[in-house]
Amino acid sequence: MPTVQLPDGAVKAYPAGSTALDVAASISERLAQQTIAARVNGQIVDAMRPLEELSDADQIPLTLLTTRDAAALGVLRHSCAHVMARAVMRLYEGVGLAFGPTTGNGFYYDFDLDAPISEEDFPRIEAEMEAIVKDAEPFERFVLPREEAVQFVDDLHQELKTEHIRTGLAEHPALSFYRQGEFVDLCRGPHIPDAGKIKAFKLLSVAGSYWKGDANNKHLQRLYGTAFFDKKDLKAYLDQVEEAKRRDHRMLGKQHGLFTLTNDVGSGLCLWLPKGATVRALLEDFIKQELLKRGYQPVYSPHVGRVEMYETSGHFPYYRDSQFPPLFGHPAGQLVDYWKTQLSEGGLDEKSEADFLAAATDMGCDFSRYPKSASSDEKIVFLKAWEKHQERYLLKPMNCPHHIQMYKAQQRSYRDLPVRLAEFGTVYRHEQSGELNGMTRVRGFTQDDAHLFCTADQVELEFKDTLDLVKFVLQSVGLDDYRIQLSLREPGSDKYVGSEEHWAKAEATLRKVLEESGLPFTTAEGEAAFYGPKADFMVRDAIGREWQLGTVQLDYNLPERFQLEYIGDDNTAHRPVMIHRAPFGSMERFVGMLIEHFAAAFPLWLAPEQVRILGLNDDMQPYCEEIQSQFRAAGFRTTIDRQSANVKKKIRDAQLDLIPYMAVVGPKDQGAGGLSLRDRIDGDLGFMNTADALTKLTQERDTRQIRQLVKTEFQGFQGGDEEANEY
RNA sequence: GCCACCGUAGCUCAGUUGGCAGAGCAGCGCAUUCGUAAUGCGCAGGUCGUCAGUUCAAGUCUGACCGGUGGCUCCA
């Protein structure tokens, strides 16, 4: 007979076999209606399971989770995923089930299905789901011992489930299933008591995915949806999605002439139009001033570097697939490189080889000693030797090797350290075509990069200062909601360079400084760079979305690979430690994010056009120019609206162009030696003399005031863990 | 790169079963000269992403390619 302890401390015994639902019913009928799941020992569990199964404690600590608990939302959504899968199975033949977990904002289910599902099919799938919800059939859990479970799954003819149960779940002695009507799924649960609890749901999108996330595996169709306890919550969520669309930087960037992308230049190659370039230049100037104060030194480096340098750093071999191919100094370089690859992949026929030799000779190669009759390996050795004497350049994918060469350009003493080299360095990466996205994912971008070279003793302090810099920079643009992600190695992986000892030291140092900093941080294994751990700034924008922006990375490995040294106070050589850091990350990405954060309504100090001067009629032109020159002299970016239109139209245009201030001038203003100031946010401020207006605007600009930020407080009502609920 | 969807004027979009390519905004011209979110009239603007194919006839149907969007995979 289970005894239950509720959160309010009440202790009560219940008949054997009682469930959380029974407990709820014993309190009130209404509570039983609203109970979605329960929490026992911190675990979220089915409300319809006998309590003895869940805990063998004398007093079972039980929390009922109702429609008011965010934690129950994940349960609801996962059950909704089952309902969706059931609907899809009713409507399509031969549906293979994969996984169907919850996500931060909803759920998805992956299907192996020949017939393509498109958004046009959503209404009938939703209608079928509606019918299932209306039937309000219960979710029934049952457990089978491993052998029986395997047999049971075999009989369901669900190949992916069969595979998963044999590989992914090979260690599980018993497996749980959930049945809802004719639909049965291998599932860890928990689920809601019955489908009738789903009051609001919607299918969102369809996309491709891979079985177990591996691109080599079977391609699946993924159906995304979301569900809520209440139609109001669903509407709030959909409004949020609309708001995000309204702020899309690709649309706003086009609309406000900030940047453009055209296939004539190339995909992923961003053109900064004057207005966007102004925002970027202001940010760059701002950070340059700050770096000067913090003892950084400016440097410049070219856009290409020898492949060998990137072989030393490890970037070239590690990221070969996502770089633009090397530029060859010798005309035959590309040909030789191609030939070498062919040989390593099994070689080509004699004729091709003869063609290659002829072509290479034509291009001026002396291949008289090419070992025609030798093995592929020997031929590769020859070609490699040839290549070794040729120049090959890479469009630089990273700035660090260049800065490292600067460090090496002179002998360094411990007295010189730390050396802090800063550059807005433009780098090129051949991102996969499917990854490109407006300004936030491009193939050529500029990092506000710097590399700090310091002694082992200085690492902590330098790292701390760097965190402080990023904090300061984010604050200055009004981004004060962020966390830091401590990105660590993936245990047991061989994709990293450097010794165990260096990694352990680097990770421990990062963790120590972060703990001492008091900044909120989370850890993420497997997210480190290949040469060292990182502290990534995850910044929340005005509508609650997270962006990975600035980064600080600790690196013991590149100094080793490039044999960096400084002479210590003991007159012997020591190895410095490097810190890589970029507060904005990439200018493209950062400005893209800012556009969405401000919905293109930049604060005065960042606005591409700060003041627009609107004459009441065409006769005011000379006075408009007079006012303009006064604003320009005070450093403001202004234009005059020269349309032959009435002032209402000019104001409307300026408002739509999101200009922070308008100076409306007519005969009255001219007579009184001033202007009528209009604020984008507060509207007409009335007459002001020009000096007062300048003082007011100068103050707002120089303190980098952010007067308006349209925040929507919808923080997702995020339910459940982001872990897969499926096995 | 993979899967699904999309590509018509500078921008946002309409275009019936294949039958002469449309609107609004922006632009230009003329008139208007106005006090806080659209003055009126007119004009111009397109090889319908590209290339092939089917057809008497293709924006519309088919294929390939290019580009974009949503995801997947990737992100130094």
Side-chain angles (χ1 to χ4, degrees), chain A residues 103 108 110 113 116-121 204-224 245 248 250-251 254-255 257 260-264 266-268 310 313-316 318-319 321-323 396-401 427 429-438 440-441 445 447 449 495-497 527-532 534 536 548 551 553 555 558 580 582 585-586 589 614-621 643-657 662-669 676-680 683-687:
Chain A
T103 63
Y108 65 80
D110 283 343
L113 177 61
I117 297 178
S118 81
E119 298 198 5
E120 286 165 22
D121 302 317
L204 298 175
S205 62
V206 57
S209 67
Y210 301 108
W211 172 237
K212 297 198 170 175
D214 186 336
N216 299 316
N217 284 347
K218 195 160 197 170
H219 217 280
L220 306 171
Q221 296 190 65
R222 176 170 296 179
L223 225 47
Y224 281 90
K245 265 190 207 155
D248 191 320
R250 293 166 301 193
M251 183 194 77
K254 197 184 273 181
Q255 199 175 321
T260 187
L261 292 155
T262 157
N263 192 32
D264 291 337
S267 60
Y310 292 102
S313 71
H315 289 101
F316 182 66
Y318 195 85
Y319 290 106
D321 292 340
S322 50
Q323 281 163 176
K396 78 171 161 183
M398 275 301 270
N399 300 304
C400 24
V427 297
R429 299 175 186 176
H430 192 91
E431 306 288 1
Q432 300 183 65
S433 60
E435 300 309 329
L436 301 174
N437 181 282
T440 60
R441 196 78 189 269
F445 59 95
Q447 299 174 310
D449 210 356
K495 63 183 181 183
Y496 305 100
V497 300
E527 295 295 312
F530 74 89
Y531 49 73
K534 311 187 283 178
D536 294 318
Q548 185 178 328
T551 179
Q553 307 172 2
D555 179 6
L558 291 186
H580 309 238
S586 119
R589 188 176 165 73
L614 317 180
L616 206 63
N617 57 49
D618 290 352
D619 296 339
M620 297 311 298
Q621 287 302 326
Q643 291 183 95
S644 166
N646 65 30
V647 74
K648 278 164 149 335
K649 166 71 169 156
K650 293 180 183 178
I651 286 171
R652 181 181 150 84
D653 287 349
Q655 290 282 155
L656 292 176
D657 288 346
M662 284 151 261
V664 179
V665 295
K668 283 187 237 165
D669 305 290
S676 293
L677 196 64
R678 186 188 160 94
D679 179 359
R680 172 177 73 197
D684 189 6
L685 302 179
F687 176 81

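This one's a predicted model, so the numbers in the text were calculated from it and none came from an experiment. Every chain is numbered from 1 and lettered A, B, ... according to where its sequence line falls, protein lines coming before strand lines.
Considering only residues two or more places apart in sequence or on other chains, A:Tyr108 meets the ring-ring contact (aromatic ring centres under 6.0 Å, His included) condition with A:Tyr224. Qualifying salt bridge (Lys or Arg N to Asp or Glu O under 4.0 Å) partners for A:Glu435, counting only residues two or more places apart in sequence or in other chains: A:Arg441. Annotation: salt bridge (Lys or Arg N to Asp or Glu O under 4.0 Å) contacts of A:Lys396 (sequence neighbours excluded): A:Glu423. For the salt bridge (Lys or Arg N to Asp or Glu O under 4.0 Å) test, residues two or more places apart in sequence or in another chain that qualify with A:Lys649 are A:Asp653. Under the rule for a salt bridge (Lys or Arg N to Asp or Glu O under 4.0 Å), the partners of A:Arg250 that lie at least two apart in sequence or sit in another chain are A:Asp248. Remark: A:Leu677 pairs with A:Tyr661, A:Leu675, A:Leu685, A:Met688, A:Lys696, A:Leu697 by the side-chain contact (heavy atoms from CB on, under 4.5 Å) rule, at least two apart or across chains. By the side chain to side chain donor-acceptor pair (under 3.5 Å) test, A:Ser586 pairs with no residue at all, sequence neighbours left out.
Comparing B:U47 with B:U8, their P atoms sit 13 Å apart, to the nearest whole Å. Straight-line distance between the C1' atoms of B:C13 and B:G59: roughly 15 Å, to the nearest whole Å. Between the C1' atoms of B:G22 and B:C48, the separation comes to 12 Å (whole Å). Taking atom C1' in both B:A76 and B:U69, one finds a spacing of 27 Å when rounded to whole Å. Rounded to a whole angstrom, the distance from the C1' atom of B:U50 to that of B:G67 is 10 Å. To the nearest whole angstrom, the two P atoms, one in B:C5 and one in B:C65, are 16 Å apart. Comparing the C1' positions of B:G19 and B:C51 gives a spacing of 24 Å, expressed to the nearest Å. Here, B:A57 and B:A21 have their C1' atoms 16 Å apart, quoted to the whole Å.
For the pair A:Glu435 and A:Ile651, both in contact range of RNA chain B, the more 5′-proximal nearest nucleotide belongs to A:Ile651. If you find the closest nucleotide of RNA chain B to A:Arg222 and to A:Asp669, the one lying nearer the 5' end belongs to A:Asp669.
Counting non-hydrogen atoms under 4.0 angstrom, A:Gln553 reaches the backbone sugars and phosphates but no base. Using a 4.0 Å heavy-atom distance criterion, A:Gln447 is classed as making no nucleic acid contact. Residue A:Tyr318 is out of contact with every strand shown, counting any heavy-atom pair closer than 4.0 Å. Among the protein residues, A:Lys668 comes within range of the nucleic acid bases, having at least one heavy atom under 4.0 Å from a base atom. Using a 4.0 Å heavy-atom criterion, one finds that A:Gly213 contacts the sugar-phosphate atoms exclusively. Across all strands shown, A:Lys534 has heavy atoms under 4.0 Å from sugar-phosphate atoms exclusively, and none from any base. Looking at heavy-atom distances under 4.0 Å, A:Arg250 makes contact with sugar-phosphate atoms alone, never a base. Base engagement by A:Ser322 is indicated by at least one non-hydrogen atom pair under 4.0 Å involving a base atom. Here A:Tyr108 lies out of heavy-atom contact (under 4.0 Å) with every strand. At the heavy-atom level, A:Val664 lies under 4.0 Å from base atoms of the strands shown. Residue A:Ser676 is in base contact, counting any heavy-atom pair closer than 4.0 Å across all strands shown. If you check every strand for non-hydrogen atoms under 4.0 Å, A:Leu220 touches nothing. Within 4.0 Å (heavy atoms only), A:Asp618 reaches at least one base atom of the nucleic acid. Heavy atoms of A:Ser644 sit under 4.0 angstrom from at least one base atom.
Bracketed by its first and final contacts, the part of RNA chain B lying under 4.0 Å from non-hydrogen atoms of chain A reaches from B:G1 to B:A76 in 5' to 3' order.
Under the 6.0 Å cut-off for aromatic ring centres, A:Tyr319 and A:Phe530 qualify, their centroids lying closer than that.
In this pair, A:His580 and A:Tyr531 present their aromatic rings parallel. The plane angle is below 30°, not in the 30 to 60° band.
Counting only Watson-Crick or G-U wobble pairs whose defining distances are both under 3.5 Å, the stems of 3 or more consecutive pairs in RNA chain B are B:1-7 with B:66-72, B:10-13 with B:22-25, B:27-31 with B:39-43, B:49-53 with B:61-65.
Checking A:Arg589 against A:Gln548 by side-chain atom types alone, no donor-acceptor pair falls below 3.5 Å.
A salt bridge is defined here as a Lys NZ or Arg NE, NH1 or NH2 lying under 4.0 Å from an Asp or Glu carboxylate O, and A:Lys212 with A:Asp214 fails to meet this definition.
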